[in-house]
Amino acid sequence: MLKYLDENSYIEYLMDKLSQNRYANLILKHNGYQLDDSDGISENIYILKSGIVKHSILNEDGNEININFQNNPGIVNLFINDRNELANSSHLVTVKSYQAWFYKINIKNFSKIVNDNYRLKKYIDIHHENELRTFINMLEYGMTYSKLGSVCAFFSQCSEQSGLEMILRDGTKVILINLELLHDDIGKFCGINNRSSVSRIIAKLKKMNILDSFHHYYIIKDLDKLNMLKLK
């Protein structure tokens with residue numbers, strides 16, 4: 001699985017620029033809302049300010065395939081086209097937190113801001129590289145791993161992107177995945193269409209004392225064992 005490049009040092013700078021830009025509008029969406037053409041998503045760039053969104057695509061059969069969760073500020077719907085220009089991404093973006101705040105800015109205005117600023121150009125390059133790595137990692141789930149391996153790889157990736165280290169009362173160190181994860185969502189990330197298969201795999205990981213959960217939030221109790229099982 002490819003590691004991600006660090007975008008954090010650029011995000012605060014981007015947010016500061018957007019807060020000062022008269023073309024950037026701050027908008028609020030609630031849980032379950034999916035950005036679409038009625039939001040002008042084909043003409044505007046959305047930048048997550050706070051909240052959690054899910055990125056996904058539809059396959060040839062019209063089934064949803066999850067790509068990743070985004071719970072940190074940053075660009076939501078942008079890629080670089082074959083002419084090396086900033087363009088809008090056509091994938092699905094769904095709000096998964098109670099609410100999410102976005103900056104919305106016309107793509108032409110956003111391009112002008114970026115082209116006039118070396119630091120933002122660098123951020124776009126890193127963001128684009130991470131998008132490519134996300135798609136490669138997604139393909140690995142279905143092509144490299146078994147069903148068990150795919151679920152383990154998914155939780156391992158979540159630990160890197162959304163994991164919070166915690167110490168339990170007995171002194172045990174664990175990792176809390178700071179995302180609400182339904183079995184259906186996990187299956188769509190891992191290419192597993194049968195929800196009961198996901199349930200059986202998670203039950204197995206719990207029995208092995210590798211994973212635990214409460215109210216759709218997961219705790220990784222043994223990351224080393226989880227990573228070892230990716231290849232089984």
Side-chain angles (χ1 to χ4, degrees), residues 2-57 66-135 137 157-158 160-165 176-180:
L2 295 176
K3 301 290 185 181
Y4 290 90
L5 304 177
D6 184 17
E7 300 181 19
N8 293 332
S9 59
Y10 299 92
I11 296 296
E12 187 174 343
Y13 181 74
L14 171 64
M15 292 297 166
D16 183 59
K17 285 291 182 184
L18 291 172
S19 67
Q20 299 173 27
N21 190 284
R22 63 191 178 96
Y23 295 110
N25 299 313
L26 196 58
I27 63 170
L28 173 67
K29 300 296 181 183
H30 289 88
N31 186 28
Y33 190 90
Q34 191 172 89
L35 298 177
D36 57 25
D37 289 338
S38 66
D39 302 294
I41 197 167
S42 60
E43 301 169 351
N44 297 279
I45 297 301
Y46 279 79
I47 298 99
L48 182 67
K49 184 176 187 291
S50 64
I52 301 171
V53 297
K54 181 183 73 174
H55 299 269
S56 59
I57 57 175
N66 290 342
I67 302 172
N68 70 336
F69 283 106
Q70 179 180 345
N71 64 341
N72 293 315
I75 292 171
V76 168
N77 63 319
L78 179 71
F79 77 104
I80 300 174
N81 64 22
D82 54 5
R83 296 189 299 276
N84 202 34
E85 298 171 338
L86 299 185
N88 182 281
S89 173
S90 59
H91 70 273
L92 305 176
V93 179
T94 308
V95 176
K96 296 297 288 183
S97 50
Y98 173 70
Q99 62 182 27
W101 286 97
F102 300 88
Y103 280 111
K104 174 184 176 182
I105 183 168
N106 181 272
I107 191 167
K108 291 181 180 178
N109 291 326
F110 186 75
S111 297
K112 188 176 187 305
I113 295 172
V114 171
N115 291 335
D116 293 340
N117 191 303
Y118 172 79
R119 193 170 179 184
L120 290 181
K121 279 185 178 180
K122 182 67 175 177
Y123 166 63
I124 295 299
D125 289 341
I126 292 174
H127 174 78
H128 180 58
E129 176 64 26
N130 281 338
E131 290 287 290
L132 294 176
R133 294 182 183 211
T134 294
F135 275 99
N137 288 338
Q157 183 178 352
C158 285
E160 293 180 17
Q161 296 182 311
S162 307
L164 299 175
E165 292 188 357
L176 170 68
I177 305 302
N178 193 27
L179 295 167
E180 186 178 17

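Along the sequence shown, the residues carry numbers beginning at 1. Everything numeric in this text was worked out from a predicted model, so none of it was measured.
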Exercise for the section: Decide side chain to side chain contact (heavy atoms under 4.5 Å, CB included) for N130 and R133; before the verdict, give the C-alpha distance in whole Å, the side-chain angles of both, and the deciding distance to 0.1 Å. Expected result: CA-CA 5 Å; N130 281 338; R133 294 182 183 211; 4.2 Å; yes
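- With hydrogens and angles ignored, the 3.5 Å screen pairs no side-chain donor or acceptor of D116 with any backbone N or O of S111.
- Y123 has its side chain within reach of L14: a pair of non-hydrogen atoms, C-beta onward, lies under 4.5 Å apart.
- Across all non-hydrogen atoms, the minimal contact from Q34 to T94 is NE2-OG1, 3.1 Å.
- One distance of note links CZ of F69 with CD of E180; it measures 9.0 Å at 0.5 Å rounding.
- Q20 CD: more than 12 foreign heavy atoms inside a 6.0 Å radius.
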Practice task
With side chain to side chain contact (heavy atoms under 4.5 Å, CB included) as the test, would you mind laying out the steps for L120 and F110 before giving the verdict?
Solution key: CA-CA 10 Å; L120 290 181; F110 186 75; over 6 Å; no
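- Between A24 and L18, the shortest heavy-atom distance links the atoms CB-O, 3.6 Å.
- Checking side-chain atoms of D16 against main-chain N and O of E12 turns up no donor-acceptor pair under 3.5 Å.
- The CG atom of N68 sits 10.0 Å away from the CG atom of L179 when rounded to the nearest 0.5 Å.
- Annotation: cation-pi geometry not satisfied between K121 and Y118 (NZ/CZ under 6.0 angstrom from ring centroid, within 45° of ring axis).
- Within the 4.5 Å cutoff, the side chain of K17 has heavy atoms near those of the N117 side chain.
- Shown here for L48 and M15, the closest heavy-atom pair between the two residues is O-CE, 3.0 Å.
- Taking both residues in full, the closest heavy atoms of E7 and H127 are given as OE2-CA, 3.5 Å, listed atom of the first, atom of the second, then distance.
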Exercise for the section: Quick one: do V76 and H55 satisfy side chain to side chain contact (heavy atoms under 4.5 Å, CB included)? Show the steps, please. Expected result: CA-CA 8 Å; V76 168; H55 299 269; 3.9 Å; yes
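- Minimum interatomic distance between G74 and I11 (heavy atoms only, all atoms of both residues): CA-CD1, 3.9 Å.
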Exercise for the section: With side chain to side chain contact (heavy atoms under 4.5 Å, CB included) as the test, would you mind laying out the steps for K54 and N66 before giving the verdict? Expected result: CA-CA 7 Å; K54 181 183 73 174; N66 290 342; 3.5 Å; yes
Name every donor-acceptor pair, under 3.5 Å, that has one atom in a side chain of residues 97-108 and the other anywhere in the protein, sequence neighbours excluded.
| unit_1 | atom_1 | unit_2 | atom_2 | d |
| --- | --- | --- | --- | --- |
| S97 | OG | I52 | N | 2.9 |
| S97 | OG | Q99 | O | 2.8 |
| K104 | NZ | D39 | O | 3.1 |
| N106 | OD1 | K108 | N | 2.9 |

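- Among all heavy-atom pairs drawn from Y10 and R119, the shortest one is CD2-O, 3.5 Å.
- The distance from atom CG of N72 to atom OG of S50, rounded to the nearest 0.5 Å, is 11.5 Å.
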